[in-house]
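Shown next, in structure tokens, is the structure this report addresses.
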Amino acid sequence: MGVIHKIGRRKCAVARVYVSEGTGKITVNKREFNNYFPTATLQYKVLQPMSMTNNAENFDVKVNVYGGGSTGQAEAVRMAIARAMCEVGDENRGILKPEGLLTRDPRMVERKKFGQKKARKRFQFSKR
């Protein structure tokens with residue numbers, strides 16, 4: 001089979017995933033998967049495409065991820081793994097597509113405007 005290389009993005013996070021046949025070991029930035037994503041929610045997000053396609057123990061995954069926060073990174077990794085699972089088998093696309101795992105989430109942080117406190121919040125107006 002060889003190595004499958006895919007990219008996933010979410011907010012400012014970019015994940016490069018290398019999938020090869022193996023025993024189900026996942027390493028993220030040369031660290032153990034459970035150490036890099038400590039919460040159960042983030043671990044579930046990352047493993048979602050592999051568990052839905054019943055490939056959790058069939059492939060080794062090596063991930064390089066940078067930018068954004070922990071949630072954005074986990075969702076970027078999820079997207080990249082979902083894309084790789086589609087390349088592994090064509091039947092996987094029909095499983096992952098309805099769940100929205102192959103669609104890039106376009107939502108980004110809105111920029112702060114000048115003369116305001118944040119993007120939408122304004123300074124308090126006091127009438128004296």
Side-chain angles (χ1 to χ4, degrees):
M1 175 190 115
V3 178
I4 297 173
H5 172 242
K6 290 294 175 184
I7 294 177
R9 293 184 180 93
R10 172 72 171 100
K11 293 187 177 178
C12 291
V14 179
R16 293 190 311 253
V17 170
Y18 303 90
V19 177
S20 59
E21 290 187 20
T23 59
K25 186 177 181 201
I26 301 175
T27 56
V28 183
N29 290 351
K30 298 179 182 175
R31 286 169 54 188
E32 188 64 35
F33 162 70
N34 294 328
N35 294 338
Y36 196 85
F37 295 116
T39 63
T41 307
L42 296 178
Q43 291 174 9
Y44 170 76
K45 283 184 181 181
V46 171
L47 293 174
Q48 192 176 4
M50 294 182 79
S51 61
M52 288 178 67
T53 57
N54 299 322
N55 288 323
E57 283 83 35
N58 299 340
F59 296 100
D60 286 342
V61 181
K62 184 174 172 271
V63 181
N64 292 328
V65 63
Y66 62 92
S70 57
T71 303
Q73 286 187 352
E75 292 182 11
V77 171
R78 176 175 72 175
M79 181 183 187
I81 292 175
R83 286 178 169 175
M85 290 298 110
C86 286
E87 194 165 314
V88 166
D90 294 332
E91 68 279 356
N92 293 337
R93 185 172 180 83
I95 299 169
L96 298 172
K97 182 80 171 158
E99 298 295 320
L101 299 182
L102 299 175
T103 306
R104 170 140 170 26
D105 195 343
R107 294 177 294 174
M108 299 287 279
V109 177
E110 189 175 339
R111 77 173 192 87
K112 180 195 172 297
K113 280 75 170 188
F114 64 93
Q116 296 181 14
K117 213 167 191 175
K118 296 195 297 187
R120 306 252 173 134
K121 186 175 184 179
R122 288 162 168 77
F123 289 110
Q124 188 170 3
F125 179 73
S126 62
K127 190 176 178 183
R128 289 191 176 190

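Quick caveat, the model's predicted, so the values are computed rather than measured.
Counting heavy-atom neighbours within 6.0 Å of Glu110 CD, excluding the residue itself, gives a total above 12. At most 12 non-hydrogen atoms from other residues, nucleotides or ligands lie less than 6.0 angstrom from NZ of Lys25. Within 6.0 Å of CG in Asp90 there are 12 or fewer heavy atoms belonging to other residues, nucleotides or ligands.
Between Met50 and Val61 the shortest side-chain heavy-atom distance falls below 4.5 Å. Between Gln116 and Lys121 there is no side-chain heavy-atom pair separated by less than 4.5 Å. Side-chain contact between Arg107 and Lys11 is absent, with no heavy atoms from C-beta onward closer than 4.5 Å. For the pair Val14/Ile7, a side-chain contact is recorded, criterion being any heavy-atom separation below 4.5 Å from C-beta on. In this structure, the side chains of Val46 and Ile81 come closer than 4.5 Å at one or more pairs of heavy atoms. Contact check for Val88 versus Thr53: no side-chain heavy atoms found under the 4.5 Å cut-off.
If you run side-chain contact (heavy atoms from CB on, under 4.5 Å) between Leu101 and each of Met85, Met52, Met79, only Met52 comes through. For the side chain to side chain donor-acceptor pair (under 3.5 Å) with Gln48, the qualifying choice from Gln43, Arg78, Glu75 is Arg78, the only one to do so.
Of all the heavy atoms in Leu96 and Ala82, the pair that sits closest is CD1-O, 3.5 Å. Of all heavy-atom pairs spanning Arg93 and Pro98, the tightest one is O-CD, 4.2 Å. Across every non-hydrogen atom of Ala13 and Ala76, the tightest pair is O-CB, 4.0 Å. Closest non-hydrogen pair, Arg111 versus Ala119, comes out as O-CB, 3.4 Å. Across Gly8 and Ala80, no two heavy atoms sit closer than the pair N-CB, 3.5 Å. Here the closest heavy-atom approach between residue Asn29 and residue Asn64 is recorded as OD1-CA, 3.3 Å.
At distances below 3.5 Å, not a single donor-acceptor pair connects side-chain atoms of Arg10 with backbone N or O atoms of Arg104. In this structure, Glu21 contributes its side chain and Asn58 its backbone to no donor-acceptor pair below 3.5 Å.
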side-chain contact (heavy atoms from CB on, under 4.5 Å) assessment of Leu47 paired with Phe33
CA-CA 10 Å; Leu47 293 174; Phe33 162 70; 3.9 Å; yes
Go through the steps for Val28 and Ile26 under the test side-chain contact (heavy atoms from CB on, under 4.5 Å), then give the verdict.
CA-CA 7 Å; Val28 183; Ile26 301 175; 4.2 Å; yes
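Summarising the geometry, atom CD1 belonging to Ile4 is positioned 14.0 Å from atom CZ belonging to Arg83; distances are rounded to the nearest 0.5 Å. Going from atom CZ of Arg122 over to atom NZ of Lys113 covers 8.5 Å, rounded to the nearest 0.5 Å. In this structure, OH in Tyr18 is found 15.5 Å from CG in Asp60, a value given to the nearest 0.5 Å. In this structure, CG in Asn92 is found 10.0 Å from CG in Leu102, a value given to the nearest 0.5 Å. The structure places OG1 of Thr27 at 12.0 Å from CG of Asn35, a figure rounded to the nearest 0.5 Å. Separation of atoms CE (Met108) and SG (Cys12) is listed at 4.5 Å; rounding is to 0.5 Å.
Defined by atom type and a distance below 3.5 Å, a donor-acceptor pair is present between the side-chain atoms of Gln73 and Tyr36.
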